[in-house]
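Worksheet for the structure shown next.
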Amino acid sequence: MKTTLSVIKADIGSLAGHMAPSKRLLETVEACIHERGRDLILDHYISHTGDDIAILMAHTRGEGDEQIHKLAWDAFLAGTAVARQQGLYGAGQDLLKDSFSGNVRGMGPAVAEMEIEERPNEPFLFFAADKTDPGAYNLPLYLAFADVMNTPGLILSPNMSKGFRFVIMDVSNTSGDRVIELNAPEEIYDIAALLRDPERYVVESVWSRASGEQAVAVATSRLHNIAGKYTGKDDPVMLVRVQMNFPATGEVLTPYAIGHFVAGGMRGSHQMPLMPVTSNTGISYFDGPPVVSCTGFCVHNGKLTEPIDGFAQPFWNTVRDHVANKAIEMRRQGFVGTAMLPMSELEYTGITEKLRDLDKRFALRAEALAPTLA
Ligand code: 13P
Ligand code: 13P
Ligand code: MG
Ligand code: MG
């Protein structure tokens with residue numbers, strides 16, 4: 001059976017700053033999808049990661065379907081009305097356009113979708129990250145799909161030994177989707193050369209070279225490119241199929257034990273380590289640290305099994321402690337050097353204005369006063 005998995009997420013308002021949506025907000029989105037989606041979708045699952053609400057839907061309508069996107073958009077609109085009533089912070093934050101125009105792409109919400117021919121058993125993982133941008137998945141995807149040190153399946157499993165094709169997007173290009181396709185293992189140095197710059201080059205999808213099947217879909221929107229100004233970090237969602245022709249679940253999850261530094265945290269303007277957390281966890285320290293959740297399912301005839309949390313198992317407590325220590329260590333560096341993002345990525349204009357004013361006050365010291373060597 002051909003099934004489409006669509007995950008659409010948005011920040012439509014949050015408790016106490018940018019921490020988490022209210023219960024009523026989640027209930028409103030859930031009720032809206034439940035009622036209006038009855039004849040449209042086969043199943044759904046709603047959760048939050050930090051202050052972002054993600055709607056995962058299984059249906060048969062294909063990718064980019066207008067009615068599926070409108071269903072999510074309407075649910076977020078209904079939620080925004082509640083967020084306004086409740087006086088939540090940033091009500092409607094990610095709904096950047098006034099009226100729906102066929103597809104939520106380019107309108108603020110993040111979207112990851114995959115139309116798949118269901119395998120007899122179809123295990124997959126749904127990731128959601130908050131306080132970071134889509135480049136946060138670059139390193140974990142490289143390790144899971146191209147590095148034998150992380151993924152022994154690349155040498156153990158005949159299904160995986162042909163490697164994977166990476167589709168990488170240049171997200172700095174705002175006039176259209178600028179993409180490149182590169183094959184692992186032959187072109188891993190080229191892949192790495194791009195992925196080292198996660199603010200510009202972002203993995204959009206990964207494909208099995210053995211079967212041609214899609215393994216990964218990442219939401220690659222850049223909110224500040226859409227809105228022309230800072231509106232919040234992109235907080236990307238991702239779908240990853242696992243097992244058989246794809247890496248095992250554990251091979252996909254392993255890179256998140258690193259707690260690598262990503263763009264995000266306070267005011268979307270810092271470098272902070274990415275902490276794997278359980279689904280439905282809020283945000284705290286320094287509007288961070290950036291978090292990622294993972295929920296696993298099998299989908300069968302368009303029906304989702306119960307969810308299993310990828311980061312609830314006790315192993316991840318040690319990782320969280322480690323990441324918390326890395327976060328505290330980086331914060332000891334305050335505003336200096338690598339602690340803050342480079343100028344091009346700073347999400348506020350205040351500093352640019354300040355530097356412009358200060359620039360006028362610089363003076364070239366008169367040559368006669370300069371120290372000279374006799
Ligand atoms: P099982 O034998 O438990 O199915 O595990 C197979 C596997 O590849 C795990 O990495
Ligand atoms: P969100 O993008 O998650 O709303 O966070 C915004 C922010 O600037 C937090 O400091
Ligand atoms: Mg927010
Ligand atoms: Mg967010």
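Numbering of ligands and ligand atoms starts at 1, following listing order. For clarity, every value in this text was computed on a predicted model and none was experimentally measured. One-based numbering along the sequence shown.
- Using 4.0 Å as the threshold, Gly268 has a heavy atom nearer than that to some atom of ligand 2.
- Numbered from 1 in the order shown, with element, the atoms of ligand 2 that lie under 4.0 Å from a heavy atom of Asp235 read 1 (P), 2 (O), 3 (O).
- Side chain of Gln86 to main chain of Leu88: no donor-acceptor pair is present (N/O by atom type, distance under 3.5 Å, no hydrogens or angles).
- For the residue pair Ser279 / Ser293, no side-chain donor-acceptor distance below 3.5 Å is found, with atom types taken as modelled.
- Atom numbering of ligand 2 starts at 1 in the shown order; those under 4.0 Å from a heavy atom of Arg267 are 8 (O), 9 (C), 10 (O).
- Listed by atom number, the atoms of ligand 2 under 4.0 Å from Met266 heavy atoms are 10 (O).
- Taking a cut-off of under 4.0 Å to the non-hydrogen atoms of Asp287, the atoms of ligand 2 that pass are 9 (C), 10 (O).
- With a heavy-atom cut-off of 4.0 Å, Ile283 does not touch ligand 2 at all.
- Among Met19, Lys131, His18, the residue whose heavy atom lies nearest to atom 4 (O) of ligand 2 is His18.
- Note on ring orientation: taking the six-membered ring where Trp is involved, the planes of Phe124 and Phe297 are parallel (angle under 30°, cut-offs 30° and 60°).
- Between the side chains of Asn103 and His69, at least one donor N or O lies within less than 3.5 Å of an accepting N or O.
- For ligand 2 and Asp51, the ligand atoms under 4.0 Å from any heavy atom of the residue are 1 (P), 3 (O), 4 (O).
- Among protein heavy atoms, the minimum distance from atom 8 (O) of ligand 1 is reached at Gln243 NE2, 4.3 Å.
- Between Asp52 and ligand 2, a contact under 3.5 Å exists for no N or O pair.
- With hydrogens and angles disregarded, a donor-acceptor distance shorter than 3.5 Å links the side chain of Asn280 to the backbone of His48.
- Nearest N/O/S atom of His18 with respect to the Mg ion (ligand 3) is recorded as ND1.
- In this structure the side chain of Leu253 reaches within 4.5 angstrom of the side chain of Phe127, judged on heavy atoms.
- From the protein, the heavy atom lying nearest to atom 10 (O) of ligand 1 is Ala248 CB, 3.8 Å.
- The angle subtended at the Mg ion (ligand 3) by OD2 of Asp51 and OD2 of Asp11 is 90°, given to the nearest 10°.
- Taking the ring centre of Phe286 as origin, the terminal cationic atom of Arg331 falls inside the region bounded by 6.0 Å and 45° from the ring axis.
- Counting the atoms of ligand 2 from 1 in the order shown, those under 4.0 Å from a heavy atom of Gln93 are 1 (P), 2 (O), 4 (O).
- The aromatic ring centroids of Tyr142 and Phe164 lie 6.0 Å or more from each other.
- Around atom CE of Met343, more than 12 heavy atoms belonging to other residues, nucleotides or ligands sit under 6.0 Å away.
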